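Heavy atoms only: backbone and side chains are in, while hydrogens, waters and symmetry mates are out. All values derive from a computational prediction rather than experimental measurement. Lettering of chains follows the sequences in order, A, B, ..., and the numbering in each one begins at 1.
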Amino acid sequence: MNINTGDTAWVLASAAMVLLMTPGLALFYGGMVRAKSVLNMMMMSFIALGTVSVAWVLWGYSEAFGESWHGLVGNPFQHFGLDGLLGTRVFGTIPASAFVAFQSVFAIIAVALISGAIADRARFAAWTVFTVVWATVVYFPVAHWVFAFNGFAAHRGGWIANDLKVIDFAGGTAIHINAGAAGLALALVLGRRVGFGREPMRPHNLTLVMLGAGLLWFGWFGFNAGSALGAGATAAVAWVNTLAATGAAMLGWLAVERRRDGHATSLGAASGVVAGLVAITPACSALTPVGSVGLGALAGAACAWAVGLKFRLGFDDSLDVVGVHLVGGLVGTIGVGFLASASAPAGVDGLFYGGGVDQLWRQVVGAVVVLLFSFTVTWVIGKVIEATMGFRVDREAELAGIDLREHAETGYDLTVLTGGRLGAGTAATKPAGSSPLAGSAAGGPAAQSGTKTPEGASA
Amino acid sequence: MNINTGDTAWVLASAAMVLLMTPGLALFYGGMVRAKSVLNMMMMSFIALGTVSVAWVLWGYSEAFGESWHGLVGNPFQHFGLDGLLGTRVFGTIPASAFVAFQSVFAIIAVALISGAIADRARFAAWTVFTVVWATVVYFPVAHWVFAFNGFAAHRGGWIANDLKVIDFAGGTAIHINAGAAGLALALVLGRRVGFGREPMRPHNLTLVMLGAGLLWFGWFGFNAGSALGAGATAAVAWVNTLAATGAAMLGWLAVERRRDGHATSLGAASGVVAGLVAITPACSALTPVGSVGLGALAGAACAWAVGLKFRLGFDDSLDVVGVHLVGGLVGTIGVGFLASASAPAGVDGLFYGGGVDQLWRQVVGAVVVLLFSFTVTWVIGKVIEATMGFRVDREAELAGIDLREHAETGYDLTVLTGGRLGAGTAATKPAGSSPLAGSAAGGPAAQSGTKTPEGASA
Amino acid sequence: MNINTGDTAWVLASAAMVLLMTPGLALFYGGMVRAKSVLNMMMMSFIALGTVSVAWVLWGYSEAFGESWHGLVGNPFQHFGLDGLLGTRVFGTIPASAFVAFQSVFAIIAVALISGAIADRARFAAWTVFTVVWATVVYFPVAHWVFAFNGFAAHRGGWIANDLKVIDFAGGTAIHINAGAAGLALALVLGRRVGFGREPMRPHNLTLVMLGAGLLWFGWFGFNAGSALGAGATAAVAWVNTLAATGAAMLGWLAVERRRDGHATSLGAASGVVAGLVAITPACSALTPVGSVGLGALAGAACAWAVGLKFRLGFDDSLDVVGVHLVGGLVGTIGVGFLASASAPAGVDGLFYGGGVDQLWRQVVGAVVVLLFSFTVTWVIGKVIEATMGFRVDREAELAGIDLREHAETGYDLTVLTGGRLGAGTAATKPAGSSPLAGSAAGGPAAQSGTKTPEGASA
Amino acid sequence: MRLVTAIIRPHQLDDVKEALEAYGISGMTVSEVSGYGRQRGHSEVYRGAEYTVDVVPKVRLEVLVDDLDARSVVDVILKAAQTGRIGDGKIWTVPVEDVVRVRTGERGPEAL
Amino acid sequence: MRLVTAIIRPHQLDDVKEALEAYGISGMTVSEVSGYGRQRGHSEVYRGAEYTVDVVPKVRLEVLVDDLDARSVVDVILKAAQTGRIGDGKIWTVPVEDVVRVRTGERGPEAL
Amino acid sequence: MRLVTAIIRPHQLDDVKEALEAYGISGMTVSEVSGYGRQRGHSEVYRGAEYTVDVVPKVRLEVLVDDLDARSVVDVILKAAQTGRIGDGKIWTVPVEDVVRVRTGERGPEAL
Ligand SMILES: Nc1ncnc2c1ncn2[C@@H]1O[C@H](COP(=O)(O)OP(=O)(O)O)[C@@H](O)[C@H]1O
Ligand SMILES: Nc1ncnc2c1ncn2[C@@H]1O[C@H](COP(=O)(O)OP(=O)(O)O)[C@@H](O)[C@H]1O
Ligand SMILES: Nc1ncnc2c1ncn2[C@@H]1O[C@H](COP(=O)(O)OP(=O)(O)O)[C@@H](O)[C@H]1O
């Protein structure tokens, strides 16, 4: 078959947009923690961009889309290092590498999403190891189940897509339920932050949160409409549904807040956006725009309610990965069973449109299996990491700020007090003493004594 | 007719880029206000993403692009809920839903633009209502006038596009003059901020302003070049003209500042960017690149001058919606009458290129009619909202900061003083007392007494 | 030949993405300087968006892609003002204007990159002049050498592309080695900052740095994959290689840091991302994904090591343009000679893949020539500007902060102390005294006396 | 000499500065503080969790004055800072032994 | 009257506030400061260059009290702020001549 | 004991710290303040509207010292902070009744 340049253009653009979602997520999450842990929070997303990219290229793609072993996992050696995919090979109407590109960024963000559940307290080295292990043991297989259609990238694909026939257009199960359940597991493994439920831990920079939500929304059009793997009516309908559901979800969340707390907040708006995007992810090819408005409103309201659960149940899912991604993912995935309309591209009627429960039970089973698999395996991974290398920083580090302990950095330095001096003992400065040039920087002898320097004289 | 995937890819990508402009605008505006109202400023844009999305899907599209009633307004019931647009219907060379998607984001940003005129002082509930009413009563009809061409989405379209034949490629009248005039009306209805013209109200975070300008510029390529509704020479020329005019406008604005105030500022650069983008919006298909440089430079200089007007005339158009969007929109729309060149895709010669005044008067009439219509109707809407639900917060809220009053939030919390404690009485905390888990968070009894806690001991 | 809409869609989208890289760079650089010079740092990038856009449209394109004079430079008058490129002219499979658009943004960012070398101390007017002169004398010719292929935009193109046949897919020589060498030259011309090597100059806002890195990465997919000038397998492979190398480079940088300094930092992650993007730029069409992982890891490690050089050698390349762009560009450009694989779209084998040294020496010669040319000419330009208009601010301005001196602005105003009052003497306020409206803002006589005002009474 | 310290509302600062200038005081030092007292703070709500912020932003003013001026300066500040509503702040006076102007090394009243 | 000033760890502030409240002190003024003393700061590394930050974030508490309360208030703060590890801070007391409540103009002990 | 308070230029802080250390002072507390005096502020221009910022960023240094050291410490600071240009700041001394080290509860000179 030939490459269709329009389809390819859209898939490549979409892939780049989805890549941007991970830095967007880093900002969304980063703004929500306290100033002393913003960098660690962002780094948990950034490191996934590093580790998962490399794992994807080496074995991840092949594990997800190589020839299937009983519908459970692809053959990781078949396309090791993307072997055999560079040339003129075409999947559908696009180059094989374009499909590789598009799916890569899904893996990255799925991993990054989990980090919100364990904000402020995870050792960075342990998290880095976790990203690789989790991608390999949980994400790549689940992506195989859900995204690998028979006869597309390989003859035989995954069981959820081909046997159970769940409608999950862009990853409500594979990404959101998966990451949400994993987040819950890790939150339980790591335990609550020092002061959880007692000390205030309010967002330190809501402009970052809103910026992050904006970038996520933008990228999500690539996520959802790009999942059509082509630039046609399906992509366009997915685009419109993504807009409709997200707008409605924002309104739904704000309505709950307004009623319950008396105010519609900007954190609520940003959260509602994400809740809507999560819910419409599996459903964007299967609903009418009006159905999408309904699903979105419901998801916004449900997630606004669900974020309070952690205080009641006492688990510290710090940034509400469960409340937003697990709950939103369930609303969306199961919602398809009710709200799907045969007039949408997926061509299936849900319960409310006279389609009976046939699609509904498939959706429920798919959702539940992914949830249980992800929760269980993640819990085991977490415990093993905890037992071997340790997963949590000590309480002094938490109190002083994890940024300092894990990264030796401070997010902001906005004051006139410079608060420090160039130290000795690192790569940069070690040899400086021996350099006649560096010692006489800016036209004067370095002032190491307590006497006034020419510099001081003019400050 | 068949779908062209290349055209569709470009329109879908453009639509996503334009969607990103509204968060970009939120940052651009948000950085310009004081720290105590940054969230409210951003929320005024965000809520438009919610309300207008839903209104668009339900009746807005149909009102703008349904079968026309005398060229004045589309039939809002014809495509209610986007009925009949999901399937294989094609407009031009793209799926009907792609056109729906692309036009949706124009409606959103038109509404959001207005908010800059009434920074720091509008009740959020009132603004929320305004967004829906204004979109319905002002924007959707005007979009119909300007963007609904006969025989594209419906047999009969709007009067400005088809009868007056104004050249307004991407919305100089429908978006910028429209929003600018509406901003002026609302600024007059709401009155000046406490301390206007006396207290300093300098931008609290110029990095946000510049980031916002960058995102706006990026998105604007979708806005302008996407308005070709296809990926061909017209789009490419619009792209180049958008670059040329914007660069020149930045230089024009900075030159005025440098001469008048002695310094070229970063706020000036960001503002010049937006002024240039506004001016080239209607003109980008009608000018040569050199003409675009000229139009841009003029727009930058004119808007730099115009932002001083509010102090002279005493109306508090807080973030210069009039000075930038109304003035820039007029320069661009009327500038087409002078600078259009038949060598550009629009194929019309303006006054300076020997085309006489034929196009010029059309441009002037279109601009003036939209201006007057928008100003008048907006003023009435504003007055009605003021009379019924009240549009303005009280002066205590303005002094303490509208973020606190309207959203119960603070934009930034960057200090070591946590400045608070988890309260009682909300959804999250109400049941916490009754949960044995939450009470013993992090391995110790909750310290509600004044005695030292184990936690305290290590801080 | 006909326009291919899919190719055009991808090139237009890519061009917009590359445009966004310059604001992204402004944030990346801006976050790294101290708070008192963030605006100037960002403005150095923004002004390039203004000046280079206009220069490009007027003579730059023609100088780079007009008919060649001995392979050294294009005819700047042939397409002055983009004359003759508006209509239906097609280059390859895309409209001529789309090619003009795509190449324009390369010129802008090449110039902006240099600014990192001279942070905190360059007079803004001098820098503005420099951007135009450098683009004209250095960048446009070098772009001609590297990017102007015979028979594409003109019959005869540049010598590096057509005679030396260096593989430089997206600009390792033309952009990165070029800007890196220029940065070194300017850093030497301007000299070290006051306090360099002694006072701490730590990044004031690392969230901006990470955001900037995210936007750069996103845009870079347009930069690299867009350089295929079409949406096919080459673009898709370039996309995948760009991901693989960047992820690996982040890991490479962090590994060096972790080993050397004990911590993996967020500044390191952001820097590693950029280092990887730089290195893969020339190579993305010539390597396998596994080769890209290798090149990226090497580039990350090499640049992490190279940023310490400036302290040893005593030149103040403030934000490591040399350490990242020059070194990264060399690693990538010369790396092609070793790592190219004939299975990749470029179809050439490097030394490690049995291709011998044929490609390697071409790569080395190309890299060295561009390095020497750029360094020398830039040094001369710098010296001339220094001698004529002065290039550096005085030391009081440096100590107080260049933002205040050069732009009369402050980046952040986050405190409750408003710290000022509306002044007299500017355009905005000059006429205010004569306006009865402005004087009575917000319902009371302006309080210029020391007595309590009605306003005061309620604060 | 005396050091007069005043905790006032941020919004009154301009009035106080002008009043002091009118009285003839040419220098002072200002800083941001958080006040805790009868005036209530406010509540913020994030994802349904309520935070009670019990401190209120205030401004601290420090003015070194001659012994003779101390009482009048307190009165000037009092008048300019007063709004009559809870949270107006406090003014107190502390005796100072020695004042030096760094620039010149002058000591005592000349240093003011 | 007396002004009791305490430099304490930021994390102890809540405990100290509660202890003072329990003692019956209803007002105080808090500000952020940087402390320099026996407690070591920390190092940060940026692109291989190490920065030594030798100041530690602290909180300054100022409480105006009646002469009779001064000693007890110091003890209350001492008890609530103490962790026993280097860097706990200092408390000192200064005599105050005059205190005014801005809202009412009351002076002396009533102004507290 | 005495409390020596100095308002100095931010850029002089490092020199002052080093001078005090050389003299043998091991602790101090530093905060950011805004100064208002003879030294002029600056103007900023936003969209043609000029703002006059009349405060200048300064640093406040507080050092508790033994009575005998007070005078010398003032001199040490004076010397290290002086640039001779307007805006160098002030130093003043206040008598202190009681000093406590929070960590140990030590009082008086031992607490320094
Ligand atoms: N005992 C005190 N010591 C130091 N500062 C105090 C004291 N009491 C009040 N303040 C300061 O004065 C401010 C105003 O006090 P508050 O009790 O709220 O109102 P009012 O003085 O009008 O009764 C407080 O925010 C705090 O900064
Ligand atoms: N001489 C002093 N004058 C003023 N403040 C001081 C002085 N010495 C210490 N401090 C303050 O007390 C804090 C704690 O002092 P430090 O010497 O670190 O610990 P400790 O008091 O436990 O011995 C310092 O951070 C500083 O803010
Ligand atoms: N009377 C005063 N009370 C308190 N602080 C003062 C007083 N006068 C000056 N200052 C502080 O000293 C700083 C320097 O004073 P200024 O008059 O500008 O210069 P100089 O002391 O060199 O004459 C001011 O910025 C302010 O912080």
Side-chain angles (χ1 to χ4, degrees), chain B residues 4-7 9-10 13 17 35 192-200 202 204-207 210-211 214 217-218 221-222 225 230-233 235-237 239-240 243-244 246-248 250-251 260-261 263-267 269 288-290 293 308 311-314 343-344 395-396 399 412, chain C residues 3-9 12-13 15-16 19-20 23 26-27 30 38-39 42-43 46-47 49-51 53-54 57 81-82 86-88 95 97-98 100-101 104 124 208 406-409 411-414 418 420-422 426-429 431-432 435 437-438 441-442 446-447 455 458-459:
Chain B
N4 178 310
T5 56
D7 291 343
W10 176 236
M17 289 161 72
R192 284 166 272 165
R193 284 171 292 178
V194 174
F196 172 73
R198 188 158 43 85
E199 282 180 24
R202 67 174 172 180
H204 86 283
N205 190 339
L206 284 165
T207 66
M210 296 181 92
L211 166 59
W217 196 343
F218 169 67
F221 286 112
V237 169
W239 202 110
V240 171
L243 182 80
T246 308
M250 190 207 293
L251 300 182
R260 184 183 63 195
D261 313 324
H263 295 92
T265 68
S266 63
L267 181 59
T288 64
V290 173
V293 168
F311 290 106
R312 286 182 225 189
L313 302 180
S343 67
R395 57 176 284 128
E396 274 67 37
L399 290 176
Y412 306 91
Chain C
I3 289 175
N4 178 309
T5 56
D7 291 343
T8 305
L12 290 180
L19 184 285
L20 184 59
L27 293 162
V38 55
L39 298 180
M42 295 186 75
M43 277 298 275
F46 266 70
I47 195 69
L49 284 160
T51 54
S53 291
V54 172
V57 164
L82 302 182
L86 272 192
T88 54
S97 329
V100 171
S104 66
F124 185 64
L208 293 189
E406 291 294 304
H407 306 290
E409 291 173 295
Y412 305 92
D413 179 16
L414 300 172
T418 51
R421 57 187 135 199
L422 257 182
T426 51
T429 50
S435 155
L437 272 169
E455 220 127 304
S458 62

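A donor-acceptor pair under 3.5 Å is absent between the side-chain atoms of His204(B) and the main chain of Asp413(C), judged by distance alone.
Residue Val293(B) touches chain C through its side chain alone, counting heavy-atom pairs closer than 4.5 Å. Residue Ala15(C) touches chain B through both its backbone and its side chain, counting heavy-atom pairs closer than 4.5 Å. For Ala225(B), no part lies under 4.5 angstrom from a heavy atom of chain C. For Thr246(B), no part lies under 4.5 angstrom from a heavy atom of chain C. Only the side chain of Leu208(C) comes within less than 4.5 Å of a heavy atom of chain B; its backbone N, CA, C and O stay farther away. Using a 4.5 Å cut-off between heavy atoms, Leu243(B) touches chain C through backbone and side chain atoms alike. Proximity to chain B is limited to the side chain of Leu82(C), based on heavy atoms less than 4.5 angstrom apart. With a 4.5 Å cut-off on non-hydrogen atoms, Phe124(C) touches chain B through its side chain but not through its backbone. Heavy atoms of Glu409(C) lying under 4.5 Å from chain B belong exclusively to its side chain. For chain B, the nearby part of Leu19(C) is the side chain; its heavy atoms alone come within less than 4.5 Å. The parts of Asp7(B) that come within reach of chain C are both its backbone and its side chain, each placing non-hydrogen atoms under 4.5 angstrom from that chain.
Between chain B and the options Ala98(C), Ser97(C), Ala408(C), Ser104(C), heavy-atom pairs under 4.5 Å are most frequent for Ser97(C). Interface check for chain B: of the options Val57(C), Leu20(C), Thr51(C), the most heavy-atom pairs under 4.5 Å are formed by Leu20(C).
Taking all atoms of both residues into account, the shortest heavy-atom contact from Ala16(C) to Met17(B) is CB-CE, 3.4 Å.
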